[in-house]
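Just so we're on the same page: letters track the sequence lines, and every chain starts at 1. When reading the values below, keep in mind they use all heavy atoms of this one structure, side chains included, and skip hydrogens, waters and symmetry mates.
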Protein chains: 2
Amino acid sequence: MKITEITQWLTDKKLKVTPQRVAILEAIICLNNHPTADAIVEYIRDKNPNIAVATVYKVLDVLVENGLIHKVKTEIGLMRYEAASENHHHIYCSDSDRIDDYFDEELNQLLDSYFRNKRIPGFDIENIKLQIIGKYNTNH
Amino acid sequence: MKITEITQWLTDKKLKVTPQRVAILEAIICLNNHPTADAIVEYIRDKNPNIAVATVYKVLDVLVENGLIHKVKTEIGLMRYEAASENHHHIYCSDSDRIDDYFDEELNQLLDSYFRNKRIPGFDIENIKLQIIGKYNTNH
DNA sequence: ATTATTGCAAAGACTTTGCAACTCC
DNA sequence: GGAGTTGCAAAGTCTTTGCAATAAT
């Protein structure tokens with residue numbers, strides 16, 4: 001992942017480009033596994049040992065507000081983060097804390113047309129996310 | 001909601017019937033709005049002023065483990081709870097903390113048949129939950 | 001130069017733990 | 001009576017706040 005690209009995302013959103021912001025975005029992209037705030041700090045401390053935990057939280061908030069990243073909900077009340085990307089769903093492993101992305105355009109269209117026909121009275125749908133819960137049956 | 005029925009649920013799971021457990025189940029059912037642990041304490045304190053917060057958490061854990069209630073994930077990392085019931089989905093209001101249930105058997109069957117055809121390699125699906133995010137457009 | 005961001009430490013919110021006292025079966 | 005549960009207070013974990021120092025445009 002090129003840093004110039006990350007920089008561009010920030011400037012596109014009229015956000016100041018700081019080393020911390022770049023590092024955090026880079027971490028989320030490289031880790032690519034819906035890291036917690038803590039995992040992000042760990043990752044960044046290699047290059048940037050002085051980054052404050054509070055800074056990470058503040059930056060994450062800004063990035064979420066600006067749509068550059070998303071929060072991912074977990075069963076255990078810990079927040080995890082992912083880079084914004086195409087509308088996708090999540091696969092939750094029921095016996096570990098693994099979360100994977102699930103991209104399926106056919107499914108998205110199916111849901112789309114389903115809810116275009118069957119509306120929910122008094123409610124405007126903005127987004128639909130599936131949580132697919134189950135177990136991996138092969139060595140992963 | 002009759003207390004005898006709640007008692008039955010507990011005995012069916014071979015759990016000891018204590019006033020606290022009954023009160024907590026009763027609270028979740030009566031509140032019927034995916035209460036937080038705190039909201040449950042609030043509700044119970046009327047009748048049972050001495051209940052300890054820690055007890056509520058411990059009981060909630062036991063109830064979740066035994067499948068009598070479920071945890072509901074929120075954006076903000078707060079756990080909420082609901083009585084176990086038919087497989088259903090959740091409607092999240094994007095500008096409040098309101099969460100509603102969404103029952104739709106047709107949708108369940110659609111998803112079921114979709115994933116029976118299109119399997120996810122190496123993964124056994126146990127459950128699929130939709131998070132339907134949007135806004136209420138009428139006074140609610 | 002101006003405005004926003006960072007780092008630090010302290011506080012806050014929510015949840016868990018440990019253990020003696022107590023209850024349910 | 002014995003195993004399991006409760007209440008309490010203390011500790012733990014994750015996250016936020018306040019503010020002076022610092023850095024970005």
- Query: When you match Lys16(B) and Tyr57(B) each to their closest nucleotide on DNA chain C, which lands nearer the 5' end?
  - Reply: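 Between the two, 5'-proximity favours Tyr57(B).
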
Could you tell me whether the side chain of [X] and the main chain of [Y] form a donor-acceptor pair under 3.5 Å?
X: Ser94(B); Y: Gly134(B); result: yes
X: Arg80(A); Y: Asn33(A); result: yes
X: Asn66(A); Y: Val62(A); result: yes

- Message: Near DNA chain D, counting only heavy atoms under 4.0 Å, which residues of residues 39-56 of chain A show up?
- Response: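 Heavy-atom cutoff 4.0 Å gives Ala54(A).
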
- Rounded distance (nearest 0.5 Å) linking atom CD1 of Ile51(A) with atom CG of Asp46(A):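 Answer rounded to 0.5 Å: 12.0 Å.
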
d([atom1], [X]; [atom2], [N]) in whole Å:
X: Ile24(B); N: dG7(D); atom1: CD1; atom2: P; value: 9 Å
X: Arg21(B); N: dT6(D); atom1: CZ; atom2: C1'; value: 10 Å
X: Leu15(A); N: dA4(C); atom1: CG; atom2: C1'; value: 11 Å
X: Leu63(B); N: dT5(D); atom1: CG; atom2: P; value: 11 Å
X: Met79(B); N: dT15(C); atom1: CE; atom2: C1'; value: 11 Å
X: Asp61(A); N: dT5(C); atom1: CG; atom2: P; value: 12 Å
X: Asp38(B); N: dT16(C); atom1: CG; atom2: C1'; value: 15 Å
X: Lys71(A); N: dT15(D); atom1: NZ; atom2: P; value: 8 Å

- Degree of bending in the helix from dA1(C)-dT25(D) to dC25(C)-dG1(D) once both end axes are built from five pairs, to 10°: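 Between the first-five-pair axis and the last-five-pair axis there is 50°.
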
[X], nearest nucleotide to its side chain (from [options]):
X: Lys58(B); options: dC24(C), dT5(C), dC19(C); answer: dC19(C)
X: Gln20(B); options: dT6(C), dT6(D), dT15(D); answer: dT6(D)
X: Val17(B); options: dC19(C), dT6(C), dC25(C); answer: dC25(C)

- Could you name each residue pair satisfying side-chain hydrogen bond (donor to acceptor under 3.5 Å, both in side chains) that touches residues 100-113 of chain B, not counting sequence neighbours?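 Non-adjacent pairs meeting side-chain hydrogen bond (donor to acceptor under 3.5 Å, both in side chains): Tyr114(A)-Asp104(B), Lys118(A)-Asp104(B), Lys118(A)-Glu106(B), His34(B)-Asp101(B), His88(B)-Asp101(B), His89(B)-Asn108(B), His90(B)-Asp101(B), Arg98(B)-Asp100(B), Asp100(B)-Tyr136(B), Tyr102(B)-Asp104(B), Glu105(B)-Asn108(B), Asp112(B)-Arg116(B).
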
- Task: Mind listing the closest non-hydrogen atom pair of Ala27(B) and Ile44(B) along with its distance?
- Result: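 Between these two residues, the closest heavy atoms are CB-CG1, 4.0 Å.
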
- Could you tell me which non-hydrogen atom of Ile24(A) sits nearest to which non-hydrogen atom of Leu60(A), and how far apart they are?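 Taking Ile24(A) first and Leu60(A) second, the nearest heavy atoms are CG2-CD2, 3.9 Å.
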
- Thr18(A) versus Val59(A): any side-chain heavy-atom pair under 4.5 Å?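 When only atoms from C-beta onward are counted, Val59(A) and Thr18(A) do not touch, as no gap falls below 4.5 Å.
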
- Message: Regarding Val59(A), tell me which of base, sugar-phosphate or nothing describes its non-hydrogen contacts under 4.0 Å with the strands shown.
- Response: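 The answer is sugar-phosphate, as Val59(A) gets under 4.0 Å only of primed atoms, P, OP1 or OP2.
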
- Query: When you look at CD of Glu126(A), are more than 12 heavy atoms from neighbouring residues, nucleotides or ligands closer to it than 6.0 Å?
  - Reply: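 Check passes, neighbour count above 12.
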
- Is there a side-chain polar atom (N or O) of Thr18(B) under 4.0 Å from OP1 or OP2 of dT6(D)?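 For dT6(D), OP1/OP2 do have a side-chain N/O of Thr18(B) under 4.0 Å.
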
